[in-house]
Colleague: 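One structure follows; several queries about it will come next.
The chains referred to below are lettered A, B, ... by the order of the sequence lines, with proteins before strands, and numbering in each begins at 1.
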There are 2 protein chains.
Amino acid sequence: MAYDNMFSALGDSTRRQVFEAVAECPRAVGDLAADLPVSRPAVSQHLKVLSDAGLVVCRAEGTRRIYAARPEGLADLRAWLERYWSDALESFAAEVNKGRDA
Amino acid sequence: MAYDNMFSALGDSTRRQVFEAVAECPRAVGDLAADLPVSRPAVSQHLKVLSDAGLVVCRAEGTRRIYAARPEGLADLRAWLERYWSDALESFAAEVNKGRDA
DNA sequence: TATTATCGTAAGCCATTACTTACGGTAAGT
DNA sequence: ACTTACCGTAAGTAATGGCTTACGATAATA
């Protein structure tokens with residue numbers, strides 16, 4: 001399971017902003033850093049974490065590295081959500097009933 | 001946006017295990033700690049974080065506190081996913097085309 | 001009332017980690 | 001060849017955060 005990498009990668013606020021930015025539109029590292037309150041190396045480090053988690057991919061364009069979101073990465077998150085969504089619904093419904101006569 | 005709390009809450013591995021456990025079946029704090037490699041106070045702290053993030057709720061049963069997953073919490077995650085899912089799909093498709101003729 | 005069971009919180013410690021600056025490396029331009 | 005643009009990585013620092021032990025509080029029980 002890559003759940004651990006994926007969730008912890010998205011767990012950081014700044015890093016999630018990086019992901020959201022490249023999801024909206026693929027961008028280069030410098031361009032990303034320009035729109036964020038952290039330095040360019042910091043963005044590079046965040047992108048590495050996101051890449052290791054399978055959430056982004058990059059391609060070279062001259063000296064620039066264009067990063068883009070990787071849909072398959074979110075698919076894992078989707079699978080996790082689907083499962084615990086139904087679990088939560090069932091257990092919550094049962095819990096409400098228990099709370100009523102308790 | 002409670003996204004920050006939600007993602008950072010689910011970002012920790014142990015805390016996610018706590019959530020998954022109560023999602024499968026509502027349980028008391030002590031019972032949760034018995035199935036995890038951490039102490040009971042640690043579980044309490046995790047449950048507080050999950051509660052602040054709107055992911056769990058609890059009800060009293062004597063001295064015991066029964067925690068249950070809160071579906072609406074996952075609904076927020078679902079909403080986030082739906083949005084960046086489509087964004088990622090579009091930008092990724094466009095990126096593949098750009099990479100082809102680049 | 002005294003005891004037991006269950007839990008939340010405070011204090012402190014330690015590991016993780018996010019950030020910055022400095023450096024080296026590759027590709028395009030002159 | 002030299003300079004410029006862009007980027008990844010290393011090193012070091014500051015801070016965040018997870019864990020444990022200790023304590024106090026509430027509710028059921030005898």
Side-chain angles (χ1 to χ4, degrees), chain A residues 3-22 25-68 95 98-99 101-102, chain B residues 2-22 25-68 70 95 98-99 101-102:
Chain A
Y3 288 154
D4 196 48
N5 290 337
M6 181 183 53
F7 274 105
S8 63
L10 259 22
D12 180 70
S13 177
T14 301
R15 192 156 48 223
R16 193 170 56 256
Q17 288 182 36
V18 172
F19 175 80
E20 292 171 353
V22 300
C25 174
R27 289 184 237 199
V29 181
D31 296 340
L32 287 167
D35 295 337
L36 290 172
V38 296
S39 68
R40 181 195 55 76
V43 174
S44 265
Q45 292 163 4
H46 283 308
L47 285 168
K48 172 163 178 52
V49 174
L50 291 171
S51 179
D52 289 343
L55 289 169
V56 300
V57 290
C58 84
R59 98 186 137 78
E61 184 172 293
T63 63
R64 294 161 59 93
R65 299 278 186 116
I66 311 297
Y67 281 85
E95 191 61 10
K98 273 211 172 182
D101 55 24
Chain B
Y3 289 152
D4 195 48
N5 290 337
M6 180 183 55
F7 274 105
S8 62
L10 258 23
D12 180 72
S13 177
T14 301
R15 192 156 47 224
R16 195 169 54 256
Q17 288 181 36
V18 172
F19 175 81
E20 292 172 353
V22 299
C25 174
R27 290 184 236 197
V29 182
D31 296 339
L32 286 167
D35 294 338
L36 291 171
V38 296
S39 69
R40 180 195 56 76
V43 174
S44 264
Q45 292 165 3
H46 283 308
L47 285 169
K48 172 163 179 50
V49 174
L50 291 171
S51 179
D52 289 343
L55 289 168
V56 300
V57 289
C58 82
R59 95 186 139 79
E61 184 172 292
T63 63
R64 295 161 59 95
R65 298 278 186 118
I66 311 298
Y67 281 85
R70 182 169 167 272
E95 190 61 12
K98 273 210 174 184
D101 57 22

Colleague: Ser44(B) has a side chain; which of dG8(C), dC7(D), dT20(C) sits nearest to it?
Modeller: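 Ranking dG8(C), dC7(D), dT20(C) by closest atom to the Ser44(B) side chain puts dG8(C) first.
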Colleague: Is it the case that the base of dT17(C) and the side chain of Gln45(A) share a donor-acceptor contact (distance under 3.5 Å, atom types as modelled)?
Modeller: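 Flag unset: no donor-acceptor pair detected.
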Colleague: Grab the NZ-P distance between Lys48(A) and dA18(C) for me, whole Å please.
Modeller: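 About 13 Å, once rounded to whole Å.
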Colleague: Side-chain N or O of Arg64(B) versus OP1/OP2 of dA5(C): is the shortest distance under 4.0 Å?
Modeller: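 No.
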Colleague: Between P on dA5(D) and CD on Glu61(A), what's the gap in Å once rounded to a whole number?
Modeller: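 Answer to the nearest Å: 17 Å.
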Colleague: Answer yes or no: is there a donor N or O on one side and an acceptor on the other, between the side chain of Arg40(A) and the main chain of Gly30(A), under 3.5 Å?
Modeller: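 No, Arg40(A) side chain to Gly30(A) backbone: no donor-acceptor pair under 3.5 Å.
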Colleague: Does OP1 or OP2 of dT6(C) have a side-chain N or O of Tyr67(B) closer than 4.0 Å?
Modeller: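 It does not, given that no N or O in the side chain of Tyr67(B) lies less than 4.0 Å from OP1 or OP2 of dT6(C).
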Colleague: Rounded to the nearest Å, what distance is computed from the CZ atom of residue Arg15(B) to the C1' atom of nucleotide dG18(D)?
Modeller: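 My rounded result for the distance is 8 Å.
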Colleague: Answer yes or no: does a side-chain N or O of Thr14(A) lie under 4.0 Å from OP1 or OP2 of dA18(C)?
Modeller: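 No, because none of the side-chain N or O atoms of Thr14(A) sits under 4.0 Å from OP1 or OP2 of dA18(C).
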Colleague: In whole Å, I'd like the distance from the CZ atom of Phe7(A) to the C1' atom of dT17(C).
Modeller: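 After rounding, the reported distance stands at 20 Å.
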Colleague: Do any side-chain nitrogens or oxygens of Thr63(B) fall under 4.0 Å of OP1 or OP2 in dA5(C)?
Modeller: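 Indeed not, no polar side-chain atom of Thr63(B) lies that close.
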Colleague: Please examine the side chains of Leu10(B) and Leu50(B), heavy atoms only from C-beta on, and report whether any two atoms are closer than 4.5 Å.
Modeller: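 Result yes, sub-4.5 Å side-chain heavy-atom pair found.
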Colleague: Between atom CG in Leu50(B) and atom P in dG8(C), what is the gap in whole Å?
Modeller: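 Roughly 12 Å, once rounded to whole Å.
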Colleague: Please tell me if the side chains of Val18(B) and Leu36(B) come closer than 4.5 Å, counting only heavy atoms from C-beta onward.
Modeller: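 Yes; the side chains approach each other to less than 4.5 Å.
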Colleague: Round to the nearest Å and state the distance from Asp31(A) atom CG to dA5(D) atom C1'.
Modeller: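 Checked: the CG to C1' distance equals 12 Å.
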Colleague: To the nearest Å, give me how far apart CG (Leu32(A)) and P (dC19(C)) are.
Modeller: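 That distance rounds to 14 Å.
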Colleague: Between atom CZ in Arg59(A) and atom P in dA27(C), what is the gap in whole Å?
Modeller: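 So the two atoms are 16 Å apart, to the nearest Å.
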Colleague: Check whether any side-chain heavy atom of Asp31(A) sits under 4.5 Å from a side-chain heavy atom of Arg64(A), and report yes or no.
Modeller: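 Asp31(A) vs Arg64(A): side chains touch.
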Colleague: Heavy atoms, side chains only, cut-off 4.5 Å: are Leu32(A) and Leu47(A) in contact?
Modeller: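 Yes, side chains in contact.
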Colleague: Between dC19(D), dT20(C), dG18(D), which nucleotide has the shortest distance from any of its atoms to the side chain of Val38(A)?
Modeller: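 That would be dT20(C).
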Colleague: Any base atoms under 4.0 Å from Arg40(A), or only sugar-phosphate, or nothing? Heavy atoms, all strands.
Modeller: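 Counting heavy atoms under 4.0 Å across all strands, the contact made by Arg40(A) includes a base.
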Colleague: Taking only the side-chain nitrogens and oxygens of His46(B), find out if one of them lies under 4.0 Å from OP1 or OP2 of dG17(D).
Modeller: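 No, no such contact exists.
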Colleague: Kindly point out which of dG18(D), dT20(C), dG8(C) is positioned nearest to the side chain of Val29(B)?
Modeller: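 Within the option list, the nearest is dG8(C).
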